[in-house]
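Every chain is numbered from 1 and lettered A, B, ... according to where its sequence line falls, protein lines coming before strand lines. Keep in mind the model is a prediction, meaning the values are calculated, not measured. Side chains included, hydrogens not; waters and symmetry mates left out as well; all remaining heavy atoms used.
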Amino acid sequence: MSARTLEAGAAGHGAEPRGKRTEAGEATYLIAIAEALWEEMERDERVFLLGEDIGVYGGAFKVTEGFLERFGPERVMDTPIAEETITGMAIGAAMEGFRPVAEFQYADFMSSGFDMITTALGRYHYRSGVPLPVVLRGPSGGGVRASSFHSFNPEPWFAHSPGLKVICPAFPTDAKGLLKSAIRDDNPVIFLEHKWIYRRIKEVVPEDPDFLVPIGKARVVREGSDVSIVTYGMLVHWALEAAEQLEGRGISVEIVDLRTIQPLDTETVLRSVEKTSRVLVLYESHRFLGVGAEVAAQIAEGAFEHLDAPVMRLAPPNVPIPFSPTLEDAYLPQVPDIVAAVERLAAW
Amino acid sequence: MSARTLEAGAAGHGAEPRGKRTEAGEATYLIAIAEALWEEMERDERVFLLGEDIGVYGGAFKVTEGFLERFGPERVMDTPIAEETITGMAIGAAMEGFRPVAEFQYADFMSSGFDMITTALGRYHYRSGVPLPVVLRGPSGGGVRASSFHSFNPEPWFAHSPGLKVICPAFPTDAKGLLKSAIRDDNPVIFLEHKWIYRRIKEVVPEDPDFLVPIGKARVVREGSDVSIVTYGMLVHWALEAAEQLEGRGISVEIVDLRTIQPLDTETVLRSVEKTSRVLVLYESHRFLGVGAEVAAQIAEGAFEHLDAPVMRLAPPNVPIPFSPTLEDAYLPQVPDIVAAVERLAAW
Amino acid sequence: MATTADRRTAATDWRVGLSDERLREILYLLKLCRYVDERLEALYRQGRLPGAIYSGRGQEGTHVGVASALRKEDSLFPTHRDLSAQLTKGLDLKRVLAQFWGRIDGYTRGRDGNSHIGDWYGARTWTVMSHLPIAYPVACGAALAYKRRGEPRVAMAICGDGATSNGRWHEALNVSAIYRLPVVWVVNNNQYAYSTPNELEFPTGTIAERAAAYDMPGVRVDAQDVLEVYRVAHEAVERAREGGGPTLIESVSLRWRGHAGHDPARYVPRGLLEEYMENKDPVRRFQDLLLAHEVVDQAAVAEIDERVRRDFEEAYEFAQRSPFPVGEEVTMGLWVEDGYWRREPSREGGTEAS
Amino acid sequence: MATTADRRTAATDWRVGLSDERLREILYLLKLCRYVDERLEALYRQGRLPGAIYSGRGQEGTHVGVASALRKEDSLFPTHRDLSAQLTKGLDLKRVLAQFWGRIDGYTRGRDGNSHIGDWYGARTWTVMSHLPIAYPVACGAALAYKRRGEPRVAMAICGDGATSNGRWHEALNVSAIYRLPVVWVVNNNQYAYSTPNELEFPTGTIAERAAAYDMPGVRVDAQDVLEVYRVAHEAVERAREGGGPTLIESVSLRWRGHAGHDPARYVPRGLLEEYMENKDPVRRFQDLLLAHEVVDQAAVAEIDERVRRDFEEAYEFAQRSPFPVGEEVTMGLWVEDGYWRREPSREGGTEAS
Ligand SMILES: Cc1ncc(C[n+]2csc(CCOP(=O)(O)OP(=O)(O)O)c2C)c(N)n1
Ligand SMILES: Cc1ncc(C[n+]2csc(CCOP(=O)(O)OP(=O)(O)O)c2C)c(N)n1
Ligand SMILES: [Mg+2]
Ligand SMILES: [Mg+2]
């Protein structure tokens, strides 16, 4: 740990995110994200935050709690409810040498800044040569009974739109390492934090302020030999649970956590499929043209000779995410659905 | 032809779209679209048009030329440059019983109304039960040297977003019949007109004012036995040209024109693949998570046992559409690229 | 900019043309809205209410005042904060609570929760969406329809102070003025957007003065006085109805509670909050007014309180008894043609041909 | 609302502080912009120019006037219509024409055409995007950077009258006022958005008066008088530079030509057009002014005309000789790390390590 970080920790009097780890040194996904932001702000004064209610309030999910006190209102800017302009300001500041990180209160509201994100942020560098080191981050995903406008997975929209890297981490360590990489990346990055994971998943997360996880690399989070599950985000955890159950039934499951959606790590995916010859593509964005459509198409094209069963997809239908527990549970692929799909594949 | 239509034709003194057919009675794709609008406005006074410069000017592409004179400014409304509000007005008027058809000057600017389209228009009925018979139409696609902001194919964004039907016709007859169906449909429809086709493709188009083409049905536009090409829009015409060349080389190509992207006619696609066992998915939206990703994934899952070769995709890369002829030609799949891909498949 | 309250003190008709019956109904609505708000919060805190709550407490003067100015056939386009306005416009509390508990008898049949509610075919209200202020442009479309058909109807939209910084707000006001649409724009200025105070939302002293940029009348009204809000809204609604075009109303109050159930709202200065709760309570103030003018006596007030409690309990029981929607129907009702919304909910949580 | 021109007639300094040299440079720029515009149109009509043209003719008073008020280190965020402002800010005509012809030496290396151009590291201008007015919020970000670093720099954004009806316009003005950013908002009111006249774009008599809704100064200026435009812009720029916050400038002219090359603009009343072309030509007017004050004589004017012609011919030759970009590199330059934009264009249309 560098002297600078220690000093910052000291300055924070335990209010800084690292002070919020458990006794055992574990950090939740949320705290890991806060640490990433904090460390990068300590490291590089060109990094600043902007967004709605991130200052005095510390953000709707409290990711930036304590940041205003440490970094001041110029680097932790509360903005009006104007997503096009939040994004626009980030672009303009990036053009002038800053490295803005904008928080969207929910990733759902990225649709309110959509034109600025896809047209301006995504397409500017290709036409002008001007790098735009901008990170747009926000809580995405369902499973928390938050219904249609607070559960969306916008990653397919952005992964399709040229010029945007898209990251969807599933673990605290990845979240921290990838967010730090995103902030240091010279390209625009959409960083989607899964709100179901925020406070549920903890692990001992590296403290080295230069710990990074590379963008664009998937990770095999569980080795197995019978069936591959390719997934990301919250469903990694559900797939892990399903894999445990399947283990008991004699089916060995390998799980690939994509981590980055754009650019996609096709190689790691294909390697797993070549090994198992059977694959379930599991994803949370709507099925039709959701992330898994691309993954499945790439597998179908790239691993054709290795497949012993059709590339199977499991994903929510293309309907708005409903509120009622009965409906949301029917909407999201549940652990038993994953188990059943893998069994079908294994028996093919 | 009904008496009403005749009368309308008479009233128009040849300014109405039907008066713009060729001597042989052929209509361009553009005129076929104008006829559809005209006939539906004659038929149902709840139908009205709104958009930028559609009245006095007759629309940037002149689709609505002569409409203001016939239907008046209340039914042919020139609006300010406010795509969120154009869409919002269409929604509100639809809630109160109208059937608005909004023109986007270019489909590119649908991103400027994105939130209202995907959040409000797409998700309202599922949550409220209120039908929203709204059509949003606009010229999409490239191949005309119009560069990044006048060549976009937004169909993947909308086909992924729940609650929107998405139509991309390739022929004048389909354009007319599908637009009429869209206007009579009680759901929101995104109707994308390919500007490369507008004035290039002509055919004798039915005059029966109740001629409709059903939404959600693909069409085999060329029968063949060796390789299927599944495509839509402008590339249908390029595929037809490639098929001619391939015929000469002894390869028989079947071409499926999807016509509707959402809902997708999986059945017709699978039937063709079952027949040929080899398929090229050809599309104009960016490759990664473009329309063909879903089509390829569905084929990989649904026709697994029938495939003699991998599901191959041919599509532009995920970069902004460039202006320079050398670059745009490298960006779009060209006829020789299609020929080469089919040859590879046939030789598999 | 002075609020209209200053002006009305000089006016003679304290009851702004309303009958005793309507005044008592307004008192009932104010008390109902307050009570529903308090009970939902209590249930939320006890962990007995799923999802979210967005308290409108302290803003009943705005909500009841503006919505009371509408006729049944007029339409209302509110936000998350405006349940009280929807109740005033005629939502059935039973179905409201069924919605909060995710049941099939809720207005959205369990597809949405809390105040993301609406009842187009009955109370004529928009089913709230989160994205701010997404219903503003939609209200233009409804108003356009009234104008086109020459119907004497009006659309009213409500949003918060924070939502005025969004581009949609400008687009909608602009278009409504260009086409002179029969629409009334209400801004519920409760002084905060979540934790963000007015000063970080807009640079002018008031929101009402921005009406000049749209060449429409702008009025600022103090929402502690529900009758004043009503009067101002009524004037705007009737002007719109008669073809006089849109009006912007800024109705000022304070959000007494946090943005949502989890928010303790420590960012609101204690003194400001106390001032509003103690001296500017629209409900108490109106009750005192009716008592003073002898439109009600203590017994009548007690009766209203009892009615409010009974209405809530009945609705609560109804909601708890209403079944959850069946998971099998999750994909239905996306397209009109599947008929989902034309069928009636069954007692098993599905739908059946009626 | 009266324009500022009325006020300045009383002012003593007709040259608004500009040296003879600067005045002559402004005349050169006015004539260059006019000539480029005319030549591009002629080439377009002859089928010798691919893509689109968006003529700024008749609006040179606005473009040259506002951009002349900027220093080199200030930034400019224009639209499709504002090539003349970009030329004034310092774009190299050679590379401009290379862009029009889709060549590798164009500012976008053939990735975009026509006035969708910019030069961030040189002239400090935004590479224009179509979506209106998408650069307005971006200008806020640049201005924020200047303010944060305490740099005496200013961002200026230009958009058309029609773009003011878009939500982004409101958001950007609002935010700039809240944060008191060093930015100057210019609206090139050429009276039409494509075929749509001002009356269908906004309800007020002027755009300048809308500045009140953002608590910033609003000025309306008649663009036939380039020096008046310059004076007003200079005042706004220097106020912003000194921490005085944003200004809204509405500069009024008429679009002499159609929206784009294909548009005959029949919707513009003939009389209005004639009035502007004959009596309100900013180029002719300024030339006459300099002749009258003997800052130039006829010989100097002829020399300027000659310089303009020569500059265009040289640039045209350069553009025609510049190679097309090679198709193989179409996917490059999307991500910074591929190094495309750090390499120099080669004479074969590719790029090479420098
Ligand atoms: C476009 C958009 N961005 C962000 C949010 C998240 N959000 C929900 S309510 C709220 C504050 C709203 O403030 P205001 O408009 O004053 O309404 P209030 O809640 O005070 O009634 C925010 C930021 C949203 N709903 N929509
Ligand atoms: C968001 C958006 N919608 C539509 C268009 C298509 N369009 C291009 S220029 C134009 C008219 C612009 O008018 P104005 O702002 O007055 O600028 P001018 O061209 O007159 O300079 C339109 C509608 C666009 N560029 N952006
Ligand atoms: Mg508020
Ligand atoms: Mg204009």
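Classified by interplanar angle (parallel below 30°, tilted 30° to 60°, perpendicular above 60°), the ring pair C:Trp126/B:Tyr124 is parallel.
Between the side chain of C:Trp335 and the backbone N or O of B:Gly163 there is no donor-acceptor pair closer than 3.5 Å.
Comment: B:Lys165 engages C:Glu337 in a salt bridge, judged by a side-chain N to carboxylate O separation of less than 4.0 angstrom. A salt bridge links B:Glu96 with C:Arg153; the closest basic N to acidic carboxylate O contact falls under 4.0 Å.
Using a 4.5 Å heavy-atom cutoff, the side chains of B:Glu84 and C:Tyr136 are not in contact.
Looking at B:Ala90, there are no atoms closer than 4.5 Å to chain C (heavy atoms on both sides), in backbone or side chain. Heavy atoms of C:Phe77 lying under 4.5 Å from chain B belong exclusively to its side chain. Interface remark: C:Val330 contributes backbone and side-chain atoms alike to the contact with chain B (heavy atom separation under 4.5 Å). With a 4.5 Å cut-off on non-hydrogen atoms, B:Leu121 does not touch chain C at all. Interface remark: C:His170 contributes no atoms to any contact with chain B (heavy atom separation under 4.5 Å). Only the side chain of C:Leu144 comes within contact range of chain B, with heavy atoms under 4.5 Å apart. Residue B:Thr87 does not touch chain C at all, counting heavy-atom pairs closer than 4.5 Å.
Here the closest heavy-atom approach between residue C:Ala145 and residue B:Ala93 is recorded as CB-CA, 4.5 Å. Residues B:Phe98 and C:Arg149 share a closest heavy-atom pair of CE1-NH1, 3.4 Å. Between C:Ile178 and B:Pro80, the closest heavy-atom pair is CD1-CG, 3.7 Å.
Residues of residues 99-109 of chain B having a heavy atom under 4.5 Å from any heavy atom of chain C: none.
In this structure, the separation between OG1 on B:Thr119 and CE on C:Met129 is 7.0 Å, given to the nearest 0.5 Å.
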